[in-house]
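Every number for a ligand or one of its atoms is a count from 1 in the order of the listing.
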Amino acid sequence: MEDCIFCKIANHVIESNYAYEDELISAFYDLEPQAPVHVLIVPKKHIGSLDETQEEDSALLAHIMLKIKEIAAKEGLEKGYRVVINTGEDGGQSVHHLHFHLLGKRAMNWPPG
Ligand code: DGP
């Protein structure tokens, strides 16, 4: 996707501050951090949102979840963390490329805002 900022970051068309990368996914620090640790994890393949995932994305989604656990450990989030996937208008999604927020190093509230 030519106009997608997360496609550009994930494929190094635009450089960012990366926390992790492999052939399937990229993780980089959020520009507007909502917690002392705030990492965005995105697939390199363009998928607009969680709502646009397909059966064929199952292995990719599982890969992301397992890597989030590793990234959390690397970031020192042994006390816990939150993973958020904002989806669609009501979900508060502003960038239309599937991304997982990994938030940590502070206590989270419930219910979320
Ligand atoms: P969401 O609202 O769930 O779509 O979250 C989008 C997040 O992406 C938001 O926390 C800010 C972050 N963001 C937007 N543009 C950039 C960017 O160019 N670089 C980085 N690192 N983060 C960005």
Tell me which part of Q34 gets within contact of ligand 1: side chain, backbone, both or neither, using heavy atoms under 4.0 Å.
-> neither
Which atoms of ligand 1 sit under 4.0 Å from any heavy atom of Q93?
-> 4 (O)
Is there a side-chain contact between L61 and F100 (heavy atoms, below 4.5 Å)?
-> yes
Provide the number and element of each atom of ligand 1 under 4.0 Å from a heavy atom of S94.
-> 1 (P), 2 (O), 4 (O), 5 (O), 6 (C)
At a 4.0 Å threshold, what atoms of ligand 1 neighbour a non-hydrogen atom of H99?
-> 1 (P), 3 (O), 4 (O), 5 (O), 6 (C)
protein heavy-atom neighbour closest to atom 18 (O) of ligand 1 works out as I5 CG1, 3.6 Å
Only one of H63, K44, K45 forms a side-chain contact (heavy atoms from CB on, under 4.5 Å) with L24, so which one is it?
-> H63
Would you say the side chain of Y81 lies within less than 4.5 Å of the side chain of V37, judging by non-hydrogen atoms?
-> no
Heavy-atom contact under 4.0 Å between I85 and ligand 1?
-> no
Which residue supplies the protein heavy atom nearest to atom 10 (O) of ligand 1, what is that atom called, and how far is it?
-> D30 OD2, 2.6 Å
F28-ligand 1 polar pair, N/O distance under 3.5 Å = no
Ignoring angles and geometry beyond distance, decide whether E32 reaches within less than 3.5 Å of ligand 1 through its nitrogen or oxygen atoms.
-> no
May I ask you to list the atoms of ligand 1 that are less than 4.0 angstrom from any heavy atom of N86?
-> 1 (P), 2 (O), 3 (O)
E75 and Y29: side chain to side chain donor-acceptor pair (under 3.5 Å), yes or no, with the steps?
-> CA-CA 11 Å; E75 295 290 334; Y29 296 95; 2.4 Å; yes
Centres of the H99 and H97 rings: under 6.0 Å?
-> no
At under 4.0 Å between heavy atoms, which part of L31 makes contact with ligand 1: side chain, backbone, both or neither?
-> both
Considering only heavy atoms from C-beta outward, does the side chain of Y18 approach that of H12 to under 4.5 Å?
-> yes
Roughly how far apart are L31 CG and I9 CD1, rounded to 0.5 Å?
-> 8.0 Å
May I ask you to list the atoms of ligand 1 that are less than 4.0 angstrom from any heavy atom of I9?
-> 17 (C), 18 (O), 19 (N)
Say whether L103 and I25 are linked into one hydrophobic cluster, either directly or through other cluster members, by side-chain heavy-atom distances under 4.5 angstrom.
-> no
Measuring from the heavy atoms of H101, does anything fall under 4.0 Å of ligand 1?
-> yes
F28 vs F6 aromatic rings, parallel, tilted or perpendicular, using cut-offs 30° and 60°?
-> perpendicular
In the protein, what heavy atom is nearest to atom 14 (C) of ligand 1, and what distance, to one decimal place, separates them?
-> V95 CG2, 4.0 Å
State whether the shortest distance between N or O atoms of Y29 and N or O atoms of ligand 1 falls below 3.5 angstrom.
-> yes
Is there a nitrogen or oxygen of F6 sitting under 3.5 Å from a nitrogen or oxygen of ligand 1?
-> no
Heteroatom distance test (L40, ligand 1): nitrogen or oxygen, under 3.5 angstrom | no
With a 4.5 Å limit on heavy-atom distance, are the side chains of L40 and H101 in contact?
-> yes
Donor-acceptor pair, K79 side chain versus A107 backbone, under 3.5 Å?
-> no
